[in-house]
J.: 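Dumping the structure here so I can ask a few things about it.
So that the names make sense, note that chain A is the first sequence line, chain B the second, and so on, each numbered from 1.
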Amino acid sequence: MRPVTSGVGDLPVMPLVTFGESDLLVMSKDIRAYNKKRDFSQTLEPRSRKRHRKATEPVFVVHRHEARRLHYDLRLEVDGALKSFAVPKGFSFDPKDKHLAVRTEDHPLEYEDFDGVIPQGQYGAGMMTIWDRGPYELLNGPWDAAIDAGKIELRMRGSFLRGEWHMVKLKKEKDQWLLFKSRDAYAREKGDAPVSLGLLNARRQPMPQRLSRMEIGDRSSLFVDPEWLYEPMLPGLRLFAEKKGNAIRFRGSRQRIGSVADRVVAALGGTRAENAIMDGIFVCPDDENRPCPLTLDRALLGEVSKPIFYYAFDLLYYDEWDLRDVSLAERKAALSSILPKHSLLVYVDHERSRAAELFETASAVGLRGLVAKSAASPYRRGASDDWLWIPATRTPRRPRGPHKRKQKSARTHSIAFTNRSKVLWPQAGYTKGDLIDYYEQMADWLLPYLKDRPLSLNRFPNGIDGGSFFQKETPEHAPDWIETVLVESKHRDEVETRFVLCNDRSTLLYLANQAAIELHPWSSRRGALESPDWAILDLDPTTGDFSLVVRVARAAEELLGELGLRPYLKTSGAKGLHIYIPLVAGYTYEQVRMFCEGVARLIAIREPALATIERSKPRRDGKVYVDFLQNRREQTVVAPYAVRPVPPASVSTPLAWNELSDDLEPADYTMTSAPARVANLGDLFAPTLGDSQDLLAAIDKLQALVGETRR
DNA sequence: GCTGTCC
DNA sequence: GGACAGCAACGCCCT
DNA sequence: AGGGCG
Ligand SMILES: [Mn+2]
Ligand SMILES: [Mn+2]
């Protein structure tokens, strides 16, 4: 669930430049605009003040600023102030890329060290992190002359941005400039750049102590999707290659790599990075020049003298950047940029649209097939459906048995996950990535309960403590492959709502990326929207004493049993319990509601100290509210296995009736524990989709029981 | 989380 | 560029 | 008609 961290967390970015004593008085008058825009009782940003400063090499800083739109703020120290430009598209090392840079107000020099959050409501609200910094040189100074000339030429010595960068003023637009890399040794061709967009999701973190491999999650028949990368599947020994300064080592295998790989080690020393961790595979050719694992084994033991190649296909760490949240396509671009040109080192290139040809070739040369990898996917530990094995075709040697292996149909929709590391549950520390991973793991269990049901979402883009909003209407900008259903308003003409139908895992993951924590399906399905297929009793406690709810649930179980019904139980995940009775087709919401009202009344009569159907909170008197009004069109109850926006990230969890105990604690069932529970116990809620029940006899019995009670 | 509108 | 608003709304109960 | 509730 939680991504593996080093335990160090986000280190503050270390300044690369420090200053000594000051003896120069500096103050920019443009800085007044800066002070005016800010309320320094609200923001931790530095207040501008007069400042003494030694004449020394000026510095630049680039802030990564997660305001409404992510952008980068390039700030250049000039005459004691930071001249600032907002660069929405960031920096590209390709001289052909010209990115807009908008001049913004000067910032005080102290801002150079600012790394933190600008509070909501303040100017520039959002996270501001130092993305790069270092000394720079203005090659066509002084500043004012350069501004007048409309051209700024910089030589930068950041930890990241290096070499010459030029800016040219747009004639038409005020304050708008173009920023681009000039042609020098630091420039890179497009796709060959380790910087640029490639590091938007990179985390500046110490080298990971522990690393787990990402593995193939499933097999698939060949599909061609330009959002996927196709690589040949090579036989050999999978290893991480790590360069740390001048030290090279291999990680991730128990097998000891001795001096037989010395030539590969030497070659890796030429990697164009201070630090790097690559994922790849040792490969050794046999006498027919085909990759052969047996030959490799013998070569590693020194029994045969064959060259050992390292085929690198992924880059997890670069200099001081953890790249595992960066998309695969970007990681591979960076890898190809830093992998030295050497005969023993091979960059495992990929195909996108021409996968079929690569597949033919791989089959023909006897490889096991292709690995299809989602281009947008991050690097995750363990098996993942972002990596699929596409087995090579073989000429049939024996007749096929009757058993046809069921292959998972290939996922055809790719989703670019954003902000995986954004914390949505601050108390538990779970992130949006954790939510995505959870719904990915639980999709097979959860999707049946969402299928064909109009879905209301409760979205928490700023975490469970930030504001949330409900969403019924599918936004215009949602992907067009998402299924929807048009629902007419019951009473108002010409009012229609296009609800999402979460009918496949792509949609579920898209919704997770939208921070749709709560999933509220209708009780009825497309084609029969007026007819619920389950009845719900919603038990809501008034106080925090969960044992009361448990006791009311027992009373409900007993009564429903007397009525000849088979009810099913789950926690709401928040404070209460939900009881479902699956129904045969054809009942209306009104019929179901009336039945549930009768049941709720009788429970309240039998347990007058515990249960009530009183809707007014103050009159509930601390009792459990048995809510039968949930059985209504367009009214929803949170889906089983859905996560709740509560501090422990509880999950609405199906329970066996014999699990009802006085010390039941719904917060024990969380996003972290639910996958193991369902793997062990299976889906306890499955009967709600099959054990359809008739209410006729139950209604008669209920009336009889009410009559008895009256007497 | 994302869009559109206004500044 | 940046701030902000919007993103549901209905049925049903009781008074 | 208006407010509370989910
Ligand atoms: Mn900014
Ligand atoms: Mn409830």
J.: How many whole angstroms separate atom CG of Leu529(A) from atom P of dG11(C)?
T.: 15 Å
J.: Over all heavy atoms of both residues, which pair between Pro521(A) and Val637(A) is shortest? Give the atoms and the distance, please.
T.: CD-O, 3.4 Å
J.: Could you measure between the two C1' atoms, the one in dC7(C) and the one in dC5(D), and give it in whole Å?
T.: 22 Å
J.: Would the base of dC10(C) count as contacting Arg632(A) through its side chain, where contact means a donor and an acceptor less than 3.5 Å apart?
T.: yes
J.: In whole Å, I'd like the distance from the CE atom of Met128(A) to the P atom of dG2(C).
T.: 8 Å
J.: Could you check how far NZ of Lys422(A) sits from C1' of dC2(B), rounded to whole Å?
T.: 11 Å
J.: dC2(B) C1' sits how many Å from Gln514(A) CD, rounded?
T.: 7 Å
J.: How close or far is atom P of dG11(C) from atom CG of Asp538(A), stated in whole angstroms?
T.: 19 Å
J.: Assign the ring pair His520(A) / Phe470(A) to parallel, tilted or perpendicular, where the plane angle (0 to 90°) is split at 30° and 60°.
T.: tilted
J.: Can a donor-acceptor pair be found between the side chains of Glu597(A) and Asn631(A) at a distance below 3.5 Å?
T.: no
J.: So, do His413(A) and Ile482(A) sit near enough that their side-chain heavy atoms are less than 4.5 Å apart?
T.: no
J.: Under the 6.0 Å and 45° cation-pi test, does Arg633(A) pair with Tyr589(A)?
T.: no
J.: Suppose you measure atom P in dG4(B) against the same atom in dA8(C); what distance do you get, rounded to whole Å?
T.: 15 Å
J.: In terms of relative ring orientation, are Tyr449(A) and Trp534(A) parallel, tilted or perpendicular, with 30° and 60° separating the classes?
T.: tilted
J.: In whole angstroms, how far is the P atom of dA5(C) from the CG atom of Asn462(A)?
T.: 14 Å
J.: Residues two or more places apart in sequence or in another chain: which of them pass salt bridge (charged side-chain N to carboxylate O under 4.0 Å, His left out) with Arg420(A)?
T.: Asp437(A)
J.: Rounded to whole angstrom units, what separation is found between the CD atom of Gln630(A) and the P atom of dC10(C)?
T.: 16 Å
J.: Reckon Asn513(A) has a side-chain N or O less than 4.0 Å from the OP1 or OP2 of dG1(B)?
T.: no
J.: Ignoring backbone atoms, establish whether Arg593(A) has a side-chain N or O less than 4.0 Å from OP1 or OP2 of dC12(C).
T.: yes
J.: Aromatic rings Tyr580(A) and His578(A): how do their planes relate, parallel, tilted or perpendicular, breaks at 30° and 60°?
T.: tilted
J.: Kindly state which residues belonging to residues 466-478 of chain A come within less than 4.0 angstrom of DNA chain B, counting heavy atoms of the residue only, listed by number.
T.: Phe469(A), His477(A)
J.: Looking only at side-chain atoms of Arg619(A), point me to the closest of dG1(B), dC14(C), dG11(C).
T.: dC14(C)
J.: Atom CG of Asp627(A) to atom P of dG11(C): distance rounded to whole Å?
T.: 16 Å
J.: Could you list where the contact with chain A starts and ends along DNA chain D, reading 5' to 3', using a 4.0 Å heavy-atom cut-off?
T.: dG4(D) to dG6(D)
J.: Mind checking whether Arg103(A) and Lys83(A) have side chains closer than 4.5 Å, heavy atoms only?
T.: yes
